[in-house]
Amino acid sequence: MIAKLDSMLLPRKKFLYHYKNVRWARGRHETYLCFVVKRRVGPDSLSFDFGHLRNRNGCHVELLFLRHLSTLCPGLSGYGFHGERRVSYSITWFCSWSPCANCSSRLVQFLKQTPNLRLRIFVSRLYFCDMEDSREREGLRLLKKVGVHITVMSYKDFFYCWQTFVAQQSKFKAWEDLHRNSVRLARKLNRILQPCDTEDLRDAFKLLGL
DNA sequence: ATTTTCAAT
């Protein structure tokens with residue numbers, strides 16, 4: 001049992017390499033996704049599962065996760081006796097990259113027809129989000145729109161992941177600039193998710209007295 | 001100052 005559990009844990013070096021939130025993440029040709037699944041059956045029965053995945057064979061890790069979802073979340077789809085959804089799940093995942101445009105749109109599609117699933121996404125780095133009009137940025141906004149909470153990982157999140165998903169013998173030690181990078185990325189994500197329709201612009205102008 | 005990105009070779 002212990003051995004099985006150990007093999008589910010992420011090697012220390014892999015975690016540090018892939019989750020490092022450096023500005024120029026050269027050579028990260030893999031993406032890791034650490035997840036926690038919570039299942040609510042009755043008013044107070046709560047169970048718990050966790051693990052990690054990485055992309056394989058050209059398949060992005062988010063889509064791989066969706067493929068595993070029915071096994072991970074029994075009773076997620078389908079209906080109970082009286083036509084009501086039977087089981088509610090909440091999933092939190094921590095991904096080394098934010099989702100690409102295609103993965104975002106697939107997730108949005110899935111979540112729209114699965115209201116009994118709540119998803120919270122933490123990301124270490126933002127994937128192709130430099131251009132103002134990038135499809136990746138739009139994808140993140142669509143995720144927000146269907147109720148996904150997307151957050152940039154901070155020290156406490158890396159710490160939690162280290163405790164939960166990593167085969168470690170030592171306490172988590174922050175790399176140089178972890179905090180600075182996290183703050184920079186969080187600001188960038190906020191700007192991306194900031195609603196910017198005309199209504200809001202009008203309010204902003206009013207506020208500025210223009 | 002500039003650099004990368006769920007590879008492809």
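Just so it is clear, the model here is predicted, and its values are computed rather than measured. Chain naming here is simple, since letters A, B, ... match the order of the sequence lines and numbering starts at 1 in each.
Applying the 3.5 Å distance criterion, the base of B/dT4 shares no donor-acceptor pair with the side chain of A/W24.
Rounded to the nearest Å, the gap between the P atom of B/dT9 and that of B/dT5 is 15 Å.
Taking atom NE2 on A/H18 and atom P on B/dT4, their separation rounds to 18 Å, with Å as the unit. The nearest whole Å value for the distance from the OH atom in A/Y17 to the P atom in B/dT4 is 13 Å. We find that NE2 of A/H60 is positioned 10 Å from C1' of B/dA7, with the value rounded to whole Å. When rounded to the nearest whole Å, the span between CG of A/L126 and C1' of B/dT4 equals 13 Å. The nearest whole Å value for the distance from the NZ atom in A/K14 to the C1' atom in B/dC6 is 14 Å. As a whole-Å value, the separation of A/R125 CZ from B/dT4 C1' is 9 Å. For A/N57 and B/dC6, the CG to P distance is 15 Å, given to the nearest whole Å. Note: CG (A/N102) to P (B/dT5) measures 20 Å, nearest angstrom.
Distances shown here put every side-chain N or O of A/H29 at or beyond 4.0 Å from the OP1 or OP2 atom of B/dA8. Checking the phosphate oxygens (OP1, OP2) of B/dC6, a side-chain nitrogen or oxygen of A/Y127 falls inside 4.0 Å.
Residue A/R23 is in base contact, counting any heavy-atom pair closer than 4.0 Å across all strands shown. Nucleic acid contact class of A/S98 (heavy atoms, under 4.0 Å, all strands): base.
To the nearest 0.5 Å, atom CD1 of residue A/I121 and atom OG1 of residue A/T92 are 10.0 Å apart.
Side-chain contact of A/R40 with A/S88: a donor-acceptor pair under 3.5 Å is absent, judged by distance alone.
Stacking annotation: A/F128 is stacked on the base of B/dT5 (ring centroids less than 5.5 angstrom apart, interplanar angle below 30 degrees).
Of the possible donor and acceptor atoms, none in the side chain of A/T31 sits under 3.5 Å from a partner among the backbone N and O of A/W97. Judged by distance alone, with hydrogens and angles left aside, the side-chain atoms of A/R125 form a donor-acceptor pair with the main-chain N or O of A/H18 at under 3.5 Å.
You'll find the ring centres of A/F94 and A/Y19 outside the 6.0 Å limit.
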